[in-house]
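One structure below.
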Amino acid sequence: MTLIDLYSILPAATLIVWALFLLLANFWFSKRQPVWTPILAGAGLLASLVVSIFFTGKPMAGFGGFILVDGFSNFLTPLFAVTGIFAIGLAYDYLRRMGIQRGEYYTLLLFSISGMMLMASAGDLIIVFLALELLSIPLYVLSGFAHPRVDSQESALKYFLLGTFASGFFLFGTSLVFGAARTTNLTDILAIVSSGEADTMLLLIGSALMLAGFGFKIAAVPFHSWTPDVYQGAPSPVAAFMSVGAKAAGFAALIRVFSMIFPSLAAELTPIFWALAALTMVVGNVVAIAQTNLKRMLAYSSIAHAGYLLMAFVPFGDAVTRSNSVASALFYLTVYALASLGAWAVLIGMEGEDNQGTEISDLAGLGKTSPLSAAAMTVFMLSFTGIPLTLGFWGKFYLFRTAIEGGFVTLAVIGLITSLASAFYYLRVVVKMYFQEGQPEFHWNFWTSSVAIFTALALVVFSFMPGSLFDLALRSMLTGS
Amino acid sequence: MNIGLNPLLLVTFFPLVGALVVLLLKPKWKTALRWTALVTSLITFGLSIWMLTRFNDIDPEIQFELNLPWITLGNNQIGFHLGIDGISILMVLLTTFLMPLAILSTWKAVEERIKGFMAFFLLLEVGMLGVFLSLDMVLFYVFWEFTLIPMYFLIGLWGGERRVYAAVKFFLYTMAGSVLMLAGILWIGLQYGSFDLTQLSGSGLIPAAAQLWLFGAFGLAFAIKVPMFPLHSWLPDAHTEAPTAGSVILAGILLKMGAYGFLRFNLPLFPNATVTLAPWMAGLAVIGILYGAAVAYLQKDVKRLVAYSSISHLGFVVLGIFALNLQGLQGAILQMVNHGLSTGALFLIVGMLYERRHTRLLENFGGLWKVVPVLGTLALITTLSSVGLPGLNGFVSEFTILLGAFSSTVIGSPWFAGVATLGVILAAVYLLFMFQKLFLGPVTHEENKKLKDVSAREILILTPILIFAFWIGIYPKPFFMLMAPAVEKLTALVQSAALLAH
Amino acid sequence: MIPIAYPLVLAVILFCMGIVGFLLRKNAIVIFMCLELMFNAANLVFITFANHYQVIDGQVFVVFVMTVAAAEVAVGLALMVTIFRTKQSIDIDQMNSLKG
Amino acid sequence: METVQFFNLVPWVVFLPLIGLTVNLLVGRKLGEIFAGSFASLATGLAFVVSILLAVSLSSHPEAVTIPLGDWITIGTLTVRWAFRVDTLSVVMMLVVSGVGTLIHIYSIGYMHNDVRHNGDTGRYARFFIFLNLFIAAMMILVSADNFLMMFVGWEGVGLCSYLLIGFWFEKGKNGTGNAEAAKKAFITNRIGDFGLLIAMFLIFVNFGTFQFDEVFKQAGQVAAVKPGVMLLITLFMLLGVTGKSAQLPLYVWLPDAMAGPTPVSALIHAATMVTAGVYLVARSSIFYALVPTAQTVVMWVGAATALFAATIALGQYDIKKVLAYSTISQLGFMVAAVGMGATVAGMFHLVTHAFFKGLLFLAAGSVIQGVERGMHHANHASHDFDPQDMRQMGGLRKQTPLTFRVYLIGALALSGIAPLAGFFSKDEILVSAWQTQPAIFIVLVLAAFLTAFYMGRQLTMVFFGEPRTEAAEKASESPLVVTLPLMILALLSVLGGVLNLPGVHTLETWLSHTLGEGEPGHFVWVVAGISLVLALIGLGLAWMIYSRKTDKAYVDPLKRALGSLFTGMENKWWVDELYAAIILNPYRAFAQFMADPVDLGVIDRIGGGLAAGTRALAESIRKLQNGYIRSYALLMLLGLAAIMTYLFLR
Amino acid sequence: MTTGLFVFLTLAIIAITAAAGLILSRNTVYSALFLIINFLAVAVLYLIMGAPFIALAQITIYAGAIMVLFLFVIMLLGAEKPKEIEQMKWQRPLAFVLGGAILVEGVYALLTRVSITVTTNPASEILADPKTLGISLYTKYSLPFEIASVILLVAAIGAVVLTRMPKKDKGQ
């Protein structure tokens, strides 16, 4: 193992080491000062964030190509770290209120994040597979974290069984790709695939199977059905984390893997991605309209946004659009992450014992009783919708631009029309909060509220100067593309 | 260029300063909040007047241009590009002129959550001014969509009984139009590497085939906003449920954004499509004129009646625009101003009645001229201005529009204008019906017998509008002069581009 | 020696049987076992291609798959135990309170 | 130019009334009735003085003079000026408007004093004069315009004043809204006419490129030669405007209802001036009509038909003002027929004399009505629904109101065409033209003239002769001098008006020829004069015979027995209002209702809602897939996979 | 038919039958035992294809340790037999149709694309040697190895977290 190897996994390694340390420290703190566990976990993530920003700036390959450090991973790794920090901010008060305050939560969270980081820089299908499991297994557990609660258990079971089912697909797909390309190293696959030596049919079937696996992780229709149930049953901070972290990681892997396979099979795969994206946008947005529970609504919203993200990837086959394709996906992902975490933060503030307070109608009157939260929630909803002066607009702007640049005007129009439909249910939240009377109970907590306010501010402030973020995303080039 | 002194920047963002001040004040300081908003809007008006004095009205080009690089995205530069010409300056003046009056009208009407109201109101002004001044398509779109938010809250929080329905409907309809516009904007930006209107207008870059669907994409957004038949159904609800000041701004300015969009985008960018589709647009406009007038008649709610009258009046605007000649276009622009004044004033008067009686149903009024003679007289003048009586503002613009449409070679048939002229009759039918139901006949309701006549504040609100109504009616020349060079340029541009393609 | 297509076909058959088993059975443990069957099928493909290409990577992959499978079994069975404690059943069709 | 020219004064014919109205608007209520009324009268009077000065100037310099004031609209090739045209035609109109106007203003000082008290709102006194002055201003704009658009401004302006003044007592009338309804009806009917005028103007602009009278008429021959169809359209659409403003068939229906306005309004606007604007328009555009014989035929038939039709209705009316109103329609028909036949001068001549005697008749009728009202006040048991305008409630008033009776008699005789009163000469000129060129028209018009004499005789008899049929009539009293003085002046004019264009002298003919071009001066045809005079006398006599013996209180019209259902038709105005209600008003109302409810709320409004509901339904059905069963979810995933793979295979 | 093919077919039939037994068996314990048989048959296939280490691992880890765990849990939970009555009428037919579709497509693709003439290689020294595998695990695959170890740790933690009884004072 060389120093470069170490550098290449430093953020993830930091987290894993820190998690191990935290596991031990937790024995000490859990009884006496449980607040220290999340703080330490946060510190670990902060360390990882710092490391990810300062130590892995240059593109490189570690562990003989297992790890690829490039603009892409450099963009996503800090994103995961930040998501983790927010997830911890969301968790502490919630766990305390629900009486499930256990230090393992944070340890598992850190492990999961490390899995995500590895996923973002995976250079080999085996790393993809292992990272997928490393991020998933803690999430299975975290979903069932409130486990005497039946819905938490149900959520965990559904997530676990379906997740493993999807893993099975992915694994079988991987084996076929291995069979076609003789290797599992992504860079080598690219070389072999573009040289035309690989068997296209095997490769295609393998890709299809892998796509099903990733589709599950990113909650693309028709691999999405677990999402609402799991989000609803799982403890809210976990759902928040999943809606952002797991999705981002899934996309990271999807992009990584398909960036190798896609270009040479663009003709075959593009229509599939097209259909998946369209279907996901339509189903996600349409079904969200019928939701009455805020958690489920956010779940469907997350499905819908997966559709938008997929749309960004559709034109990847076009060499000219490629860099924009990835950049706009990443940009959108960031925007989505901010809004989603914020929205969940407000939801967590609303949630009481036994899922009380999570119906959309429970929000009635929030504008009066908790104006700041309501304002923040409004920003998130507007950002989800893609209304200007929130970053969500620029997300969609870049996204649709990419789709149109790739010549997928129809897809862009579907996206635009579905985002109109989305306004319908996002607005309902605003309507409830401001236009209807009620006395909602809002559990104000410094950390939770900080997450909400920080994300809301970020969404608004950066909407005035999205240029630098665009640049950042554009620089997130993938190795090999 | 000295950015700090750019009048456009000052005009556009001064209300934002006011909004920030409002946000800093405590909610219970009602008077301070009101005055802050009023003074802000007045200063903005003053600034726009100052801008007008420096405006060169024989120059057809964009003036006070401000083009700051804002966002770079790939090969696309999104500029913070503001500018004004003879077309937009009238819209800007209308906006800054109506705002203080609208704010003044809330003095008694809005008692709850004044802080939010004023903040949203001033934000709305920023958005609207931005729409009229933007020369970058993306910037335009940002402002365009942004105006939805304050208006949505204004309707939803301070509106009438069905405010939520109306607010959501308003939001969704408008957004429905604009999503396709965004697709169009992006397509153009990608295809021609620029979002800059000044570079694209009349450049003839866009091929005729593409122009058609782009015209549709942009046109849908604008047609919904205008609103053109049959995309209007958000308007009656939004108008009816909005608070008075909101209705004034909605009718007075927001609708103009749609018509302005046609002028600023569809005509110069897609001249061939414009020429091709002009008869269709004119046809829809004519249907709108008659349809709005027919539906307005027999409405039970005054605000709904006025709302449908807007559909009719805006139909004239669209007809004028697609006449594509000087008379039509100038008439259309003036009609935009006139409709802002007349309908704005009508909504203000309805609001005044509502403040006194807390009802908008026609059946609850009658014979008020006897009870409130001054208000009755003011209402009469306003109604007549809306009817299009010569000597008042409405006539000048409607006449020129019809004249333009009648002689338009683009529309191709005088039938459109001929049928549209029937609207002149119908306008008298429904507006006099309204006036009669409100002010004429005997006083039938006991509650109406002791109504107070207009206060000094209310006279102060209405008088400026009526002064302009007379001014434009009697001496519209300055207004025409202001817009003439820009319109001439636009007409020439459309015609030459369309000719080039043939 | 056998044509390599044969074990591959076997793998596909096993994989599909795993899938169908997952879809048919209601007992969570049996379903879990079906998942193991699917993993196993993938392993068979890896081994076959490792043999075909004469590279070790296929076999290494299988080692990791087994490890992961073991880890999943640990978590999965723990989950089922805790669910059984609450519901006195591992019939997955009873776990459908979350829907819509 | 050797003599002093006053042409530059012409804007003052508009500005003076405007000043008058502004003063009244600002301080009218404080000034008190006498001053408010006098000031308004003074304003109009000064306008009259200006008109006289203009006339004087024209007498030495008969060519048209245009006094520009400023640009109004300038867009591209469209240039419209605020400009005043002083020519012999416009000055005639100015003189009539301001002259008769002044008299009516003066009359109103007294009349309105009573009227506001009778109607119980003295606050409206000043308002009346504001409106009246506004009317004078608008009418002046109309007649002094130098282009069609300016004329249209005045045209609509007088319409507005008509609206305001008909609805002056907006809370009175049938069901309290009768007056307001009448006002609205007048305005809207006029607007229908204006629609025609607008279209005519558009056509003029498209084909002539200008609205300027001079230029348009200069090109008229040329355009008519090239595009005869266009000229026909222009003239016919213009005719629509004329039928609206001058209350011709089929748009006359508003004028009888317009009697809801105070009597001076009926006199000034709805008899003497505004309603003649249509005649003025045709006279002004006589060059057009001369070029389009078809249009001329239409115009004269419209006029003649109206003349006869309205006269028949007048026979069956009981309201003193309604009779006069239908008479006005009928007389306007004469004028329109005249201008239609090309006898423009005859039409204008009749216009002027008609202004005198019809103004007189209306004012006198007002005097009668107020006399009866006073009687009603003195009466012991005045019933509440007593209508002081109903001729059946009058009778024998010649004793109570002798002065009014005398002037009324003069007016009635003039209207009936009894020589040598003004009406005789003017009507005779029209009949002569018809005799010479259009025999059919001649017969119709003569018949109408006969009916005119008959209904005037009927009215005279019913109102002034016999015995009072009610207590109010019995106790009626004469009006004060301020009311009767204008009556006397107008009576004098009605007597002497014929002098203007006496056969053989042709003063007016010569005067107008400077504007209208040289025409063949009308001859005096003895046969025609004889026929019309004889018929008028027979009419009057017949009426006297039939009605003078009628004294019973429960009044049933004697003609009813004689004519039967025919009279019922006249009584009910041939059900034209009902017809219009059935074929236009109600269908439009139903259409509007249909558009508002089933169409707008039911269809268009539901498009958005329907889309939303459709989406929602779709959502609900997709949502059913989300049934909570893990195996179902897995199945869905498998479905996705199978779909992808199948696609890959089938591709 | 060569011996190899015969052996293969025998193993394949055993494996498929065992899998079918797993799916169809009403008794969970039988299902587990069928799975073990399947694993064993596949393990022999591994052996044939020159992967003795994997074959052994398959037997010890999979068929041995993991399945014992399964059986242990089955016993713990009382070998419950839920009533296999299908409530969703589309589930079964669709499962068969879709599973069949994938099967057919997969088999078709393999048989057409992977030439039948290409046969498996005989067990080679390099590949069959567990040492090679070990070395590559510790050198080239050191990172995945580490990750796998972390996964196992996580699974252990997870299992603990999930099975730990909730605290008694939770309700307060």
Side-chain angles (χ1 to χ4, degrees), chain D residues 582-651, chain E residues 15-16 19-28 30-32 34-35 38 66 69-70 73-74 76-116 155 158-159 161-163:
Chain D
I583 62 166
I584 298 169
L585 240 66
N586 292 342
Y588 178 67
R589 193 177 266 273
F591 170 77
Q593 189 63 55
F594 178 74
M595 282 296 164
D597 204 351
V599 176
D600 198 65
L601 290 181
V603 179
I604 292 177
D605 198 38
R606 295 226 180 118
I607 294 173
L611 281 175
T615 318
R616 206 175 260 279
L618 182 67
E620 288 296 340
S621 58
I622 301 179
R623 202 181 159 184
K624 289 216 178 71
L625 289 177
Q626 193 77 17
N627 56 11
Y629 290 103
I630 294 175
R631 298 182 302 132
S632 278
Y633 296 177
L635 189 71
L636 196 63
M637 288 171 69
L638 190 64
L639 182 70
L641 179 68
I644 294 175
M645 286 190 36
T646 311
Y647 166 78
L648 288 174
F649 271 90
L650 297 181
R651 191 178 48 80
Chain E
I16 291 170
L22 158 69
I23 297 170
L24 299 174
S25 170
R26 287 272 159 265
N27 192 317
T28 324
Y30 291 171
S31 294
F34 276 125
L35 185 59
N38 174 283
I66 293 182
L69 197 59
F70 262 97
V73 170
I74 293 167
L76 180 73
L77 304 184
E80 196 225 0
K81 289 185 244 176
K83 281 183 187 148
E84 298 278 345
I85 296 165
E86 191 58 71
Q87 281 126 331
M88 296 165 288
K89 58 177 177 180
W90 287 109
Q91 182 77 13
R92 272 191 188 160
L94 263 181
F96 282 118
V97 167
L98 294 176
I102 291 178
L103 181 70
V104 168
E105 284 159 2
V107 170
Y108 174 81
L110 286 171
L111 291 180
T112 50
R113 290 315 181 96
V114 183
S115 171
I116 307 242
V161 167
L162 283 177
T163 47

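This structure is a prediction, so every number in the text was calculated from the model and none was measured. Just so we're on the same page: letters track the sequence lines, and every chain starts at 1.
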For G106(E) and M645(D), the nearest pair of non-hydrogen atoms, with its separation, is N-CE, 4.5 Å
Query - Donor-acceptor pair, side chain of E105(E) and main chain of F649(D), under 3.5 angstrom - result: no
d(L639(D) CG, L94(E) CG) to nearest 0.5 Å is 7.0 Å
For L98(E) and A642(D), the nearest pair of non-hydrogen atoms, with its separation, is CD2-CB, 3.8 Å
